[in-house]
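Hydrogens, waters and symmetry mates are skipped; everything else that's a heavy atom, side chains included, is used.
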Amino acid sequence: MSIFGSVTTAVSGLNAQSKAFSNLSNNIANSQTTGYKASDTAFQDFVTNDQNYTNDASGNDSVAAHTVQRNDVQGTVTQSTNDLALAISGNGFFNVQKVAGNANSATPSFNTQQYYTRNGDFSRNAQGYLINTSGAFLDGYQVGVDGAMSTKLAPIQIKDVAFQPTQSSMLSVSGAIGSTTQAGASSVTQGTAYDASGKAQTVKLNWQQDSQDPLQWTVSADGSDKSTAVSFSNDGALASVGDISTIGATGKFTYDGKPQNMTVDLGTIGGNGGVSLTTGSTPVTGSATMNSDSVTSGNFQGLAMRSDGSVMASFDNGQSQLVAKIPIATFANVNGLSPQDGQNYIATSSSGGATQNSVGTGGAGALDTGSVESSTTDLTSDLSQLIVAQQAYGANTKVVTTANQLMQTTIAMIQ
């Protein structure tokens, strides 16, 4: 190898160690950065293609440094004072987007580029969007005003959440449906129930009195061919519902109809608070009322994250309702992702496209709520490598200095 070749090789060594310095310093600087994935430096030897290299004084080789991503390394999950913070334990990334323009706009526009991150330190901004400490907007599937969940991945915005009435499961009936003094009467009890999407539905019970015995009735859901026998005492109190006749028991039967099957509570056997008959001479028809157990109103108080990726809205009535679902993106080769600013990554041909998974399925990891993932920087190891890199850098400078002295000696010989 010639003196000039030695200089070339030493310069490549200086460049390679400089690259190592850069990676190590970046790791050390981000040792406290949430979701940061530390990288390594790999060195590659370049050898001349000259077959006579060993005998050729002009032959030389060199070295190059390459940054190696370590996105598959799990960071330590630590508790956070932020209730909206999320940490992924295992594979996967959060889907996030960046705004194009003013992030504080009431209707921000977003870049078409999809980003991925492990920084789950989210909070809700003034516009109701969930953003992390790097300013990236969290994507998910949001529940619409109709109660249906969108299939389109988009930034989650939770603002002015309206409470959806809860699905009815119980109908309670009270009041007189007829008289003990007149047989053969019919009556209709009407009320409002709510389906699974919170939509109000009118429900009816049809009552039919026996043509001979005014104390014997049958009741059925409107449009149903199934009926339940109901009997009363001479004083008009409820005596039995189907095969339930024990004093003090709840007289109930199954409502078989729309919007869903429910339990109908007719009151206490032997009591006066539920369905009854009047004992007067004036017939009473249809004066009973029916109410459902649905909670119909509530004021929005805040958000809560669940470990299955559900974003829940909480209300002052003690209820919580699903408003969005967070998927986890996985890749065939996570180390092939291209790093971007703010602990963000974009997919490449090396990483493959993103696959959206529910939490804990399809190879996706679990979610820890109220937690964040720490940087994967190993300060002890990186500081040790920094010393080694410094020594290697100094050794390469020594080669350059020595080569310079040799050249100066050669020139002096000619003079």
Side-chain angles (χ1 to χ4, degrees), residues 35 80 82-89 92-99 103-111 114-167 195-199 295 298-330 344 354-362 364-373:
S80 171
N82 177 14
D83 292 338
L84 298 183
L86 294 171
I88 300 174
S89 294
F93 292 78
F94 297 109
N95 298 273
V96 293
Q97 289 190 41
K98 292 183 178 181
V99 294
N104 296 320
S105 170
T107 56
S109 59
F110 296 92
N111 292 325
Q114 185 69 59
Y115 294 90
Y116 310 94
T117 187
R118 295 278 289 203
N119 180 3
D121 197 359
F122 297 109
S123 60
R124 195 163 66 99
N125 70 5
Q127 289 71 44
Y129 288 99
L130 294 175
I131 61 173
N132 65 16
T133 52
S134 298
F137 287 63
L138 176 63
D139 285 345
Y141 304 113
Q142 193 154 339
V143 176
V145 293
D146 59 353
M149 183 174 294
S150 173
T151 58
K152 181 182 179 181
L153 196 64
I156 298 173
Q157 184 182 29
I158 311 298
K159 188 177 183 180
D160 300 328
V161 181
F163 181 77
Q164 296 288 337
T166 60
Q167 181 176 350
D195 61 18
S197 64
K199 184 178 180 180
V295 180
N299 296 313
F300 175 66
Q301 286 190 316
L303 295 179
M305 300 295 196
R306 291 188 177 173
S307 58
D308 65 348
S310 298
V311 182
M312 307 297 294
S314 58
F315 299 86
D316 60 3
N317 56 18
Q319 298 284 325
S320 293
Q321 295 185 337
L322 179 69
V323 290
K325 198 80 169 182
I326 301 170
I328 293 180
T330 57
N344 295 318
T355 300
Q356 302 300 334
N357 305 279
S358 298
V359 176
T361 64
L367 275 184
D368 293 295
T369 59
S371 303
V372 293
E373 182 183 8

Query - Non-hydrogen side-chain atoms of Pro155 and Gln127 separated by less than 4.5 Å - result: no
Query raised in the report: To the nearest 0.5 Å, what is the distance between CZ (Phe315) and CD (Gln301)?
Result: 9.5 Å
Requested in this report: Any chance you could lay out the side-chain hydrogen bond (donor to acceptor under 3.5 Å, both in side chains) test for Ser197 and Asp195, step after step, and finish with the verdict?
Outcome: CA-CA 5 Å; Ser197 64; Asp195 61 18; 2.9 Å; yes
Requested in this report: Under the side-chain contact (heavy atoms from CB on, under 4.5 Å) rule, collect the residues that match up with Thr151, sequence neighbours excluded.
Outcome: none
Requested in this report: For atom CG of Asp308, decide whether the heavy atoms of other residues, nucleotides or ligands shown that lie under 6.0 angstrom number more than 12.
Outcome: yes
Query raised in the report: Does the side chain of Phe94 reach to within under 4.5 Å of the side chain of Tyr116, using non-hydrogen atoms?
Result: no
Report task. For atom CZ of Arg124, decide whether the heavy atoms of other residues, nucleotides or ligands shown that lie under 6.0 angstrom number more than 12. Result -> yes
**Report entry** Expected output: side-chain Asn82 to main-chain Phe122 donor-acceptor under 3.5 Å
**Finding:** yes
Report summary line: Thr166 and Val295 have their tightest heavy-atom pair at OG1-N, 2.8 Å
Report task. Could you list the residues that satisfy side-chain contact (heavy atoms from CB on, under 4.5 Å) with Ser150, not counting sequence neighbours? Result -> Lys152
**Report entry** Side chain Asn357, main chain Ala364, donor-acceptor under 3.5 Å
**Finding:** no
Query - Heavy-atom side-chain proximity of Leu130 to Phe137 below 4.5 angstrom - result: no
Report task. Spell out, as yes or no, whether a donor-acceptor pair under 3.5 Å connects the side chain of Asp316 to the backbone of Asn299. Result -> yes
Report task. Taking all non-hydrogen atoms of both residues into account, name the closest pair between Ser310 and Lys325 and its distance. Result -> OG-NZ, 2.8 Å
Query raised in the report: With a 4.5 Å limit on heavy-atom distance, are the side chains of Leu367 and Ile88 in contact?
Result: yes
**Report entry** Test item: Val359 and Ser307 side chains (from C-beta on) under 4.5 Å apart, heavy atoms
**Finding:** no
Query raised in the report: Which value, rounded to the nearest 0.5 Å, describes the distance between Glu373 atom CD and Thr117 atom OG1?
Result: 9.5 Å
Query - Matching residue for Asn119 among Asn132, Val372, Asn344 - test: side chain to side chain contact (heavy atoms under 4.5 Å, CB included) - result: Asn132
Query raised in the report: Are the side chain of Gln321 and the backbone N or O of Gln164 linked by a donor-acceptor pair below 3.5 Å?
Result: yes
Report summary line: In this structure, OG1 of Thr330 is separated from CZ of Phe93 (nearest 0.5 Å) by 10.0 Å
Requested in this report: Heavy atoms only: give me the nearest Ala313-Leu303 pair and the separation to one decimal.
Outcome: CA-CD2, 4.1 Å
Query raised in the report: Any side-chain heavy atom of Ile156 sitting closer than 4.5 Å to one from Val323?
Result: no
Report task. Might you point out which heavy atoms bring Pro108 and Val99 nearest each other, and give the distance in Å? Result -> CB-CG1, 3.9 Å
**Report entry** Gln142 side-chain N/O to Gln157 backbone N/O, donor-acceptor pair under 3.5 Å
**Finding:** yes
Query raised in the report: Does Gln114 offer a backbone N or O that forms a donor-acceptor pair with the side chain of Gln97 under 3.5 Å?
Result: no
Requested in this report: Would you name the heavy atoms of Ala85 and Asp121 that are closest together and state the gap between them?
Outcome: CB-OD1, 4.0 Å
Query raised in the report: Side chains of Asn95 and Leu138: does their closest heavy-atom pair fall under 4.5 Å?
Result: no
Query raised in the report: Looking only at atom types and distance, does a side-chain atom of Ser134 sit under 3.5 Å from a main-chain N or O of Ala136, one as donor and one as acceptor?
Result: no
Query raised in the report: Counting distance only, does the side-chain N/O of Ser314 pair as donor-acceptor with the main-chain N or O of Gly302 below 3.5 Å?
Result: yes
Report task. Identify the two heavy atoms, one from Arg306 and one from Thr369, that lie closest to each other, and give their separation to 0.1 Å. Result -> C-CG2, 3.5 Å
